[in-house]
**Student:** 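Pasting a structure below so you can have a look.
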Amino acid sequence: MAVARARNFVVVAFVLLVAGGCQYVGPIAIDQGRDRYNGVIQATSKEQTLSNIIRVHNHEPTSFMDVSEVDATTTLSANVAGGASSIGAVPNPKSASAGTITGTLGSVSGGATYTEQPLIRYVPLLGQALVAQLVTPVSADALSDLYDSSWRICPLLDLAASNLTSNGVSEFYPVLNVLCELSYEEAISVAPTKSELTKEQSESKSAQVGTIQVSTKSSGGGIDDSLTIYLNPFTRLHRPQNRQLTWRQLQLWIRLLWLYSGTQPAFTPKNPTAWCAQQFRTESELRAWDLSIGQHLFHLHTLPSHDPESILDCLPTAIELRTKPVPMAKVRSEGLRSGAPLLTTYSAIGILKNATELPTPRVEFVTRERYQEIINLSWNQVADNLNTLVSYTLTPSEASAGDPYTSTAERRSADDQITRYLGSETNIFIFDPKKARSALSVDDYLILNRRLASLRRFILVIVDDHLPTDLPYVSHFDHGQWYYIDAHDQVSQRNFDLISLFLTMMAVPSALPPIAPTISVGGG
């Protein structure tokens, strides 16, 4: 009888232990493992991005290795042992021996072992996957998706676009500066579209193709061939400050129209009156309206009696930035100045090179002391909240972009103008001085805005012999020095995340079959 009771106790204890393992080990494994693996992968991914930025800056080859899969095999082993002694002994109160006092003795002992064996798959980018991820240009669809995800248009286009007009670098930054301010004021929307002007080319190409080949591509590709900028409706609130903002938005939209003059599809005014046809026929007339509205805003001169809405009825409210050329037949029939693509974009490796190399690097490698000097410049402190600061702006003497100035005096004069402007304005997207006695010429406007934009730095990477006591946002040790982004540098962190996102979205899905995991928790 006593032996049977001991055996039953051992069996019951073992069953309870195994049942507990089946019920609890799985959730415990997730609770203990998921966040640890996620955190380590996220931290090492950030370091990999920073290391590749450093490599491109130092003119070294990039290297990408993805963690494509983590399978953590969890094992729970349990053992229970029991026995009985002094079988047959009869309790004898008169005896001092333990056996005779207690009778039959039973004992139970048990143990459990928990082990975790992670199987991690690394996938280095080689061959076709490397080419697809690194050299496929970012698509209009991808740019629109990122803009809709609350990324600012200024870093988006400055980092990813190599061209925004058919006139190359001379008008890239003047256009970008206008888009930056309009986007900051939430005056524009962005969407991917298919241009009617390139449709003929697309149809002729599709007619020549007999078969369709489907291949694995990065998510950088897209079906649309244009990024279209739309002017949002003006605010309905008729407060004085809102009307000033409305006039400013109209002025900047007209500026875009004259910068893109001769590149857009034919337009029929919403209100096709003779007045519309006479006022906005040419680039010079559009520029005259730009200057006239500017005089009204900056010097309170009298405008014509028309309100902003009636002027907008005479203008197109969308500008398409085509990524494909327009066929020559349509260039002639539409009277276009050029059929060249208006928007060309970088690939992943192009984004890294554009961000780190001359003539307009977007990432600045600085000492700790220089970092403090930059963030303490007055125009880098104007935002009430650093979340509204898109980038840092260096001092004009540090402009790295080329310019057509033929003398040091001309260059110094330009730098003095920009310095005064930076010190007096809270909005530094566009060089558009409010106190100028006369309007800038087109050439000066283009040159000074290009020079202003060349001062922007989206990321400040500190280079030092040691890390600060306050752990940085991300760091990497290379060639005997530490490279890191300060833990409190929100501007650099946001733009670093954007570059990381560009590199991730261009990745090609892995073609390797998944690992077949085995999870053992005992007898559950």
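Computation of the quantities below employed the complete heavy-atom set of this structure, encompassing side-chain atoms and omitting hydrogens, waters and symmetry-equivalent molecules.
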**Student:** Sequence neighbours left out, what passes side chain to side chain donor-acceptor pair (under 3.5 Å) with R370? Give chain and number order.
**Tutor:**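 If we apply the side chain to side chain donor-acceptor pair (under 3.5 Å) test to R370, skipping adjacent residues, the hits are E373, E398.
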
**Student:** Applying ring-ring contact (aromatic ring centres under 6.0 Å, His included), name anything that partners F431, two or more places apart in sequence or on another chain.
**Tutor:**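 Partners of F431 under the ring-ring contact (aromatic ring centres under 6.0 Å, His included) test: Y421.
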
**Student:** Check I485 against Q493 and note the closest heavy-atom contact, atom names and distance.
**Tutor:**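 Shortest heavy-atom separation between I485 and Q493 comes out as CG2-CG, 4.2 Å.
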
**Student:** Extract all donor-acceptor atom pairs below 3.5 Å that involve side chains of residues 332-339 and protein atoms in other chains or at least two apart in sequence.
**Tutor:**
unit_1, atom_1, unit_2, atom_2, d
S333, OG, A329, O, 3.2
S333, OG, K330, O, 3.3
R337, NH1, S261, O, 2.9
R337, NH2, S261, O, 3.2
S338, OG, A340, N, 3.1

**Student:** What residues form a side chain to side chain contact (heavy atoms under 4.5 Å, CB included) with N58, not counting sequence neighbours?
**Tutor:**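 So N58 forms a side chain to side chain contact (heavy atoms under 4.5 Å, CB included) with I54, E60, D478, Y483.
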
**Student:** Shortest non-hydrogen contact from I418 to P396?
**Tutor:** CG2-CG, 3.7 Å

**Student:** State whether a side-chain donor-acceptor pair under 3.5 Å links E320 with S226.
**Tutor:** no

**Student:** For a quick check under 3.5 Å, do N495 and Y392 share a side-chain donor-acceptor pair by atom type?
**Tutor:**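 No - no donor-acceptor pair under 3.5 Å links their side chains.
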
**Student:** Only counting residues at least two apart or in another chain, list the ones meeting side chain to side chain donor-acceptor pair (under 3.5 Å) with T356.
**Tutor:**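 With neighbours one apart ignored, the set is empty.
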
**Student:** According to the salt bridge (charged side-chain N to carboxylate O under 4.0 Å, His left out) rule, which pairs have a member within residues 339-356, sequence neighbours left out?
**Tutor:**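 Only K353-E357 qualify under salt bridge (charged side-chain N to carboxylate O under 4.0 Å, His left out).
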
**Student:** When you check the side-chain N and O atoms of D225 and S195, is any donor under 3.5 Å from an acceptor?
**Tutor:** no

**Student:** Taking salt bridge (Lys or Arg N to Asp or Glu O under 4.0 Å) as the test, write out the residues that go with E171, two or more places apart.
**Tutor:**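 Once residues adjacent in sequence are excluded, E171 has no partner under the salt bridge (Lys or Arg N to Asp or Glu O under 4.0 Å) criterion.
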
**Student:** Taking atom types as modelled, find out whether S166 and T263 have a side-chain donor-acceptor pair closer than 3.5 angstrom.
**Tutor:** no

**Student:** Under 3.5 Å, is there a donor-acceptor pair linking the side chains of S413 and D416?
**Tutor:** no

**Student:** According to side chain to side chain donor-acceptor pair (under 3.5 Å), who are the partners of E283, at least two apart in sequence or on a separate chain?
**Tutor:**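 So E283 forms no side chain to side chain donor-acceptor pair (under 3.5 Å) with any residue.
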
**Student:** For R456 and N177, which I'm curious about, is there any donor-acceptor pair between the side chains at under 3.5 Å?
**Tutor:** yes

**Student:** Is the charged tip of K46 near the ring of F496: under 6.0 Å from the six-membered ring centre and within 45° of its axis?
**Tutor:** no

**Student:** Could you list the residues that satisfy salt bridge (Lys or Arg N to Asp or Glu O under 4.0 Å) with R255, not counting sequence neighbours?
**Tutor:**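 Here the qualifying residues are D290, D432.
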
**Student:** Between E181 and R248, does any NZ, NE, NH1 or NH2 come within less than 4.0 Å of an OD or OE carboxylate oxygen?
**Tutor:**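 Answer for the salt bridge query: yes.
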
**Student:** Can you name the residues that form a salt bridge (Lys or Arg N to Asp or Glu O under 4.0 Å) with R362, not counting sequence neighbours?
**Tutor:** D158

**Student:** With sequence neighbours excluded, tell me which residues meet ring-ring contact (aromatic ring centres under 6.0 Å, His included) with F280.
**Tutor:** W275, W289

**Student:** Going by the rule salt bridge (Lys or Arg N to Asp or Glu O under 4.0 Å), which residues pair with E47 if we only count those two or more places apart in sequence or in a different chain?
**Tutor:**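 Salt bridge (Lys or Arg N to Asp or Glu O under 4.0 Å) list for E47, sorted by chain: empty.
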
